[in-house]
Amino acid sequence: MKNKFYITTPIYYVNAQPHIGHTYTTIAADVLARYHRDILGEPTFFLTGTDEHGAKIAEKAKEEKKELQVFVDEVAEEFVKAWRALNISNDNFIRTTDEKHMAAVQKALRYMYDKGDIYKGSYKGLYCRGCEQFKNEKDLIDGKCPDHKTEPEQMSEETYLFKMSKYQDKLLAKVKSDELKIRPEGKKNEMVSFIEKEGLQDVSFSRKNLAWGVPLPWDASHTSYVWADAFLNYLTGLGWKGPKDKCPKMWPAETQLMSKDILRVHATIWQAMLLSLDLPTSKELFIHGFFLADGQKMSKSLGNVIAPQDLVKKYGIDASRYLLMSATVFGSDGDIGWQKFDEKYNADLANGLGNLIARVSNILEKDSIKVNIKSGNDQALKKEFGKAMQNLRIDEALKILWGKLRQNDEKLSSAKPWEIKEIDAKKKILEPIAQDILNVAELLQPFMPETAEKIIKQFSAKQIKKGESLFPRI
RNA sequence: AGCGGGGUAGAGCAGUUGGCAGCUCGCCAGGCCCAUAACCUGGAGGUCGUCGGUUCGAGUCCGACCCCCGCAACCA
């Protein structure tokens with residue numbers, strides 16, 4: 001039986017428009033999904049979507065004076081449009097306000113409640129009457145609410161708690177043994193030491209007085225804690241209807257991509273929920289880094305935000321995908337900026353890939369040289385590339401392909417086919433180079449689908465023609 | 001306090017299991033002229049944060065310290 005591949009991005013919280021962080025995660029997931037689906041031919045499912053419940057959303061909608069459902073519909077649409085514009089091949093787009101999703105969440109919570117994994121308790125905290133919200137100490141300025149300049153009061157609220165502590169030992173063992181892989185290694189260590197040192201506490205799983213959420217089936221005065229609602233998207237996105245339903249064929253996920261800010265909740269609450277639901281835990285959580293813009297945190301006030309649509313406008317879809325994927329070592333933080341993007345665009349795409357293709361195709365056309373090359377020719381390259389992809393060394397995979405391109409630039413320069421008169425001798429030099437270009441283009445497909453297709457088409461013709469330049473210099 | 005990540009050529013970064021220190025950009029010199037003023041070759045430039053240890057040998061392992069950045073869970 002063939003391997004399957006289920007990959008997810010987090011579902012994005014609709015309190016903000018799609019930004020470069022969302023874009024990065026989603027493109028990475030798309031690249032991996034396309035690799036498994038198109039290159040390896042595995043049954044693949046790629047899920048992304050939006051997280052639409054919670055107090056923040058309710059506030060935001062109020063701020064914009066919009067009906068809640070209207071507001072979330074609009075923002076969700078922005079995400080759908082953004083991914084379409086970036087040629088993202090997701091198989092489903094899950095929204096937590098989908099009725100089917102909400103119904104499944106209720107069934108899941110009911111199951112956990114009946115099992116005794118959810119119980120009634122209370123949540124103590126600092127409550128600001130102005131905000132009608134609990135506050136964290138670190139959000140306060142001189143002990144006062146920054147918005148209302150008043151000291152919040154100690155209050156406790158009735159809540160339902162999830163018995164996460166019950167699953168601590170099981171989870172720890174799974175993380176340690178890599179049954180639940182957390183990558184990169186450093187992040188795994190972090191989680192192991194977190195669970196060992198601080199332990200898993202039971203978590204509040206419901207809110208009172210917050211209408212914008214999924215009501216608890218046994219107590220409608222409470223709505224589900226947003227994360228509890230959100231996590232289940234990874235199942236409902238596969239059509240899961242609740243605990244009585246069979247485990248979806250594609251579950252567990254081979255890879256769940258996310259950035260480091262949400263690793264902890266994914267490694268603890270989400271996995272504990274799966275255990276409580278008697279379902280297998282995720283196979284792998286992969287944590288990628290954050291972007292800095294020119295060494296600084298991206299923020300609106302600094303004005304250094306790089307928006308995905310600006311990227312696409314300047315470089316085009318495929319180049320944008322390439323630039324983001326090659327920008328950093330996948331799994332660690334990286335520094336980006338317009339100047340860097342320009343440099344990389346010119347060096348790798350215009351001078352590298354684009355120029356090599358122009359050199360070769362030009363001679364072939366001018367001298368009417370017909371080459372005989374075929375697809376799937378370089379198994380060694382495919383294997384080396386595949387190894388990097390399997391290990392989620394996305395940037396490394398690209399470097400391997402570019403190494404191949406460079407070799408061919410060198411070959412051309414040393415063999416100097418333009419000094420040779422006889423067509424056969426020329427062909428002998430150019431044919432393997434054209435073959436290499438075709439090989440690279442085939443593996444480039446997950447990264448730059450349209451460009452790869454163009455190159456493949458160009459180099460599959462009997463008489464290769466020069467065509468338009470793929471990446472004009474900036 | 002604690003936890004995690006980082007400190008390697010002018011800039012940005014790689015360095016799997018310890019074995020002559022690499023890549024991209026930039027700079028200098030040369031070559032080439034098929035190509036998107038692109039491409040190729042050579043060169044300059046590093047006490048791999050500091051101090052100590054293990055080892056025939058350490059950027060890589062161990063210990064201590066200094067500096068930078070994040071995180072510190074019911075806030076998604």
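Residue numbers start from 1 in every chain, and the chains themselves are labelled A, B, ... in the order their sequence lines are given, proteins ahead of strands.
Side-chain proximity of A/Asn362 to the nucleotides B/A35, B/A38, B/G70 is greatest for B/A35. Residue A/Lys187 has its side chain nearest to B/G4 when only B/U24, B/U36, B/G4 are considered. Taking the side chain of A/Ala358 as heavy atoms from C-beta on, and the options B/G70, B/C40, B/U36, the nearest nucleotide is B/U36. Minimum atom distance to the side chain of A/Ser204 is reached by B/C74, of the listed B/C40, B/C74, B/A35. With distances taken from any side-chain atom of A/Asn351 to the nucleotides B/C39, B/A73, B/C75, the minimum falls on B/C39. Closest approach to the A/Ala350 side chain among B/C3, B/C75, B/U36 is made by B/U36 (side chain taken as heavy atoms from C-beta onward). When each of B/C13, B/C32, B/C40 is scored by its nearest atom to the side-chain atoms of A/Glu410, the top-ranked nucleotide is B/C40. With distances taken from any side-chain atom of A/Ser332 to the nucleotides B/A14, B/C34, B/U36, the minimum falls on B/A14. Considering only side-chain atoms of A/Lys366, the nucleotide from B/C74, B/C32, B/C34 that sits closest is B/C34. The nucleotide whose nearest atom lies closest to any side-chain atom of A/Arg359 is, among B/C34, B/G70, B/A72, B/C34.
Note: A/Leu405 CG to A/Ile400 CD1 = 12.5 Å, rounded to the nearest 0.5 Å. Atom CD1 of A/Ile464 and atom OG of A/Ser361 lie 8.0 Å apart (nearest 0.5 Å). The CG atom of A/Asp348 sits 3.5 Å away from atom OH of A/Tyr322, with the distance rounded to the nearest 0.5 Å.
Using a 4.0 Å heavy-atom distance criterion, A/Ile11 is classed as making no nucleic acid contact. Contact annotation for A/Val360: no contact, since no heavy-atom pair falls under 4.0 Å across all strands. Among the protein residues, A/Phe205 comes within range of no part of the nucleic acid, since none of its heavy atoms lies under 4.0 Å from any strand. Base engagement by A/Gly354 is indicated by at least one non-hydrogen atom pair under 4.0 Å involving a base atom. Residue contacts for A/Phe471: at a heavy-atom cut-off of 4.0 Å it reaches a base atom on one of the strands shown. Residue A/Gly199 is classed as a base contact, given a heavy-atom separation below 4.0 Å to a base. Among the protein residues, A/Glu396 comes within range of no part of the nucleic acid, since none of its heavy atoms lies under 4.0 Å from any strand. Among the atoms of the strands shown, only primed sugar atoms or phosphate atoms (P, OP1, OP2) are found under 4.0 Å from some heavy atom of A/Lys466. If you check every strand for non-hydrogen atoms under 4.0 Å, A/Asp333 touches nothing. Nucleic acid contact for A/Val265: none, since no nucleic acid atom lies under 4.0 Å from a heavy atom of the residue.
In this entry the distance linking CD of A/Gln271 with P of B/A73 reads 21 Å, nearest Å. Protein atom CH2 of A/Trp418 is 11 Å distant from nucleotide atom P of B/C40, rounded to whole Å. In this entry the distance linking CD of A/Glu343 with P of B/C27 reads 10 Å, nearest Å. To the nearest angstrom, C1' of B/C33 lies 16 Å from CG of A/Leu356. Counting to the nearest Å, the C1' atom of B/G4 and the CZ atom of A/Phe290 are 13 Å from each other. Distance A/Lys208 NZ to B/C74 P: 21 Å, rounded to the nearest Å. Between the C1' atom of B/C74 and the CG atom of A/Leu161 lies a distance of 9 Å, rounded to the nearest Å. B/G4 atom P lies 14 Å from atom CD1 of A/Ile195, rounded to whole Å.
With a cut-off of 3.5 Å on both pairing distances, the Watson-Crick or G-U wobble partner of B/A11 is B/U24. Under the Watson-Crick and G-U wobble criteria, each requiring two contacts below 3.5 Å, nucleotide B/C71 is paired to B/G2. If you check B/G46 for Watson-Crick or wobble pairing at under 3.5 angstrom, you find it has no partner at all. As the counterpart of B/C39, B/G31 is assigned, both hydrogen-bonding distances of the Watson-Crick or G-U wobble pattern falling under 3.5 Å. Of all nucleotides present, only B/C51 satisfies the Watson-Crick or G-U wobble test against B/G63, with each distance under 3.5 Å.
Between B/U24 and A/Arg406, a contact under 4.0 Å exists linking OP1 or OP2 to a side-chain N or O. Residue A/Arg473 has a polar side-chain atom (N or O) positioned under 4.0 Å from OP1 or OP2 of B/A38.
Mapping A/Lys399 and A/Glu468 onto RNA chain B by nearest heavy atom places A/Lys399 closer to the 5' end of the strand. Both A/Val329 and A/Tyr225 lie near RNA chain B, and the one whose nearest nucleotide falls closer to the 5' end is A/Val329.
Ion pairing between A/Lys260 and A/Glu190 fails under the 4.0 Å rule for side-chain N and carboxylate O. A/Lys176 and A/Glu196 are joined by a salt bridge, as a carboxylate oxygen and a charged side-chain nitrogen come within less than 4.0 angstrom of each other. A salt bridge links A/Arg95 with A/Asp73: the distance from a Lys NZ or Arg NE/NH1/NH2 to an Asp or Glu carboxylate oxygen falls below 4.0 Å.
Aromatic ring pairs are classed by plane angle as parallel below 30°, tilted from 30° to 60° and perpendicular above 60°; the pair A/Phe286 and A/Phe330 is parallel.
Going from the C1' atom of B/G43 to that of B/C34 covers 27 Å, rounded to whole Å. The separation of B/G57 from B/G19, taken at their C1' atoms, amounts to 7 Å, rounded to a whole angstrom.
Here A/Tyr234 and A/Trp270 bring their ring centres to under 6.0 angstrom of each other.
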